[in-house]
Asks: 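My questions all concern the structure below.
Model, not experiment: these values are computed from the prediction.
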Amino acid sequence: MTKKLFFLALALLLSLNGAWAQLGLGNPKQVAQVKSQPLVVLLRDEDPGTLKKLAKKPEELADYKSYIADYNTQIQELATKLWKFSPSVEFRPESELEALRKAKGAARGVLQHQEVYLTGPRNHVAGTPTTGAQARYYHNAEKVSAMAVYLVGKGDKDRVAQMLLAPGPIYTSDLIFSIHNLQQYLDARSKGRAGSNIRAEIAQNGKLLRKKILLIDEEDIKGKLTAADIKQSYPFPYEVVPRSKIEEAVSSGDARYACIRLLPATESIMVQVAMDAKDGTMLAMSKPNMVRVAGIGGGQNIGKNNLKDFADCARGK
């Protein structure tokens with residue numbers, strides 16, 4: 001991939017004016033307010049309208065209730081463990097958002113996943129236990145959603161930063177990467193770094209990829225790429241693994257690995273990004289995919305050209 005195309009993709013991701021601006025406005029004063037107070041993480045409420053709509057559809061109702069419970073459990077675990085940008089985190093139901101918005105005094109930083117209901121079923125991640133704390137599930141989304149940080153108070157709700165989530169499976173690793181990248185972006189803005197600085201830093205990160213083992217979801221290449229195809233396109237360390245291995249690497253922050261994630265630049269333009277499993281740092285990017293994808297894997301339909309792009313980034317091209 002040429003540097004021109006690389007920066008075109010990054011410009012899309014870091015655009016400040018589009019309707020689907022990827023990272024947000026990052027106003028330094030607002031970022032400072034988010035940093036100075038405990039972050040409010042919103043937990044999902046069961047929507048009465050959705051409950052009524054699904055009342056006569058027991059399987060869909062069960063999926064919906066499971067989604068709410070799973071998300072709330074995961075976000076409490078992950079935010080408590082991973083969010084370091086603010087002094088601490090606290091959790092409140094979404095039903096309290098309006099009260100937070102109307103509150104007087106200093107505005108509060110609020111983390112919210114903007115998606116009312118992921119319409120796809122609850123799916124078990126193969127290779128993980130089916131019960132207990134280690135069991136892992138994911139849900140399907142039929143449209144783009146976002147993990148967003150807002151500044152809320154005095155009658156306003158202003159977006160400070162966001163990370164979009166692609167249509168298709170939404171895994172625990174997607175939430176982890178989003179939490180990491182939101183903080184990296186906020187930290188950069190708090191130190192006065194502009195979008196151009198951030199783009200240059202991401203481009204430099206590509207050289208780190210050659211020192212990582214790139215994990216490729218076996219479902220993303222099944223029937224499409226052979227080991228020889230991969231080696232020819234990507235001459236650096238890699239492993240073809242089940243989704244459970246990727247989730248384990250990201251959940252444990254294993255610095256040995258990088259993972260492929262589908263990241264929206266806009267609602268319809270998707271970019272494949274190689275992320276550091278240790279802390280979610282963007283290491284490399286493949287060219288935008290203009291086709292909306294909702295496959296069963298994580299990177300979704302990885303081809304030779306995508307791997308060549310990653311290899312070029314690793315070489316510093």
Asks: Check for me whether Lys157 meets the cation-pi criterion with Tyr150, that is, NZ or CZ under 6.0 Å from the six-membered ring centre and within 45 degrees of the ring axis.
Replies: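 Relative to the ring axis of Tyr150, which defines the angle, Lys157 lies inside both limits.
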Asks: Spell out, as yes or no, whether a donor-acceptor pair under 3.5 Å connects the side chain of Ser36 to the backbone of Gln33.
Replies: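 Here the side-chain-to-backbone pair exists.
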Asks: One thing to verify: whether Glu248 and Lys245 come together as a salt bridge, which I'm taking to mean a side-chain N less than 4.0 angstrom from a carboxylate O.
Replies: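 Answer for the salt bridge query: no.
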Asks: Are the side chain of Gln183 and the backbone of Phe85 linked by a donor-acceptor contact shorter than 3.5 Å?
Replies: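 A pair under 3.5 Å: yes.
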Asks: Can you tell me which residue pairs pass the ring pair (Phe, Tyr, Trp, His ring centres under 6.0 Å) test with a partner in residues 200-237, sequence neighbours excluded?
Replies: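 Every pair satisfying ring pair (Phe, Tyr, Trp, His ring centres under 6.0 Å) with a residue in residues 200-237: Tyr234-Phe236.
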Asks: Does Lys35 NZ have over 12 foreign heavy atoms under 6.0 Å away?
Replies: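 Not more than 12 within 6.0 Å, no.
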Asks: Please answer whether the main-chain N or O of Asp158 pairs with a side-chain N or O of Asp156 as donor and acceptor at a distance below 3.5 Å.
Replies: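 Answer holds: no.
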Asks: Can you tell me if Arg101 uses its side chain to pair, donor with acceptor, with the backbone of Gly155 under 3.5 Å?
Replies: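 Yes, Arg101 side chain to Gly155 backbone: donor-acceptor pair under 3.5 Å.
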Asks: Give a yes or no on whether a salt bridge exists between Glu90 and Arg108, defined as a side-chain N under 4.0 angstrom from a carboxylate O.
Replies: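 Yes, charged N to carboxylate O under 4.0 Å.
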Asks: Which heavy-atom pair separates Val40 from Leu100 by the least distance, and what is that distance?
Replies: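 Heavy atoms only, the tightest pair is CG1-CD1, 4.0 Å.
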Asks: Would a distance-only check, ignoring hydrogens and angles, find a side-chain to backbone donor-acceptor pair under 3.5 Å from Gln76 to Asn72?
Replies: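 Confirmed, Gln76 side chain pairs with Asn72 backbone.
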Asks: Counting distance only, does the side-chain N/O of Asp187 pair as donor-acceptor with the main-chain N or O of Gln184 below 3.5 Å?
Replies: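 Between the backbone of Gln184 and the side chain of Asp187 there is no qualifying donor-acceptor contact (under 3.5 Å).
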Asks: Would you call Glu247 and Arg243 a salt bridge, using N to O less than 4.0 angstrom?
Replies: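 Counted as a salt bridge, because a side-chain N and a carboxylate O are separated by less than 4.0 Å.
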Asks: Could you please spell out the steps behind the salt bridge (charged side-chain N to carboxylate O under 4.0 Å, His left out) verdict for Glu60 and Lys65?
Replies: CA-CA 9 Å; Glu60 292 185 34; Lys65 286 179 171 287; over 6 Å; no
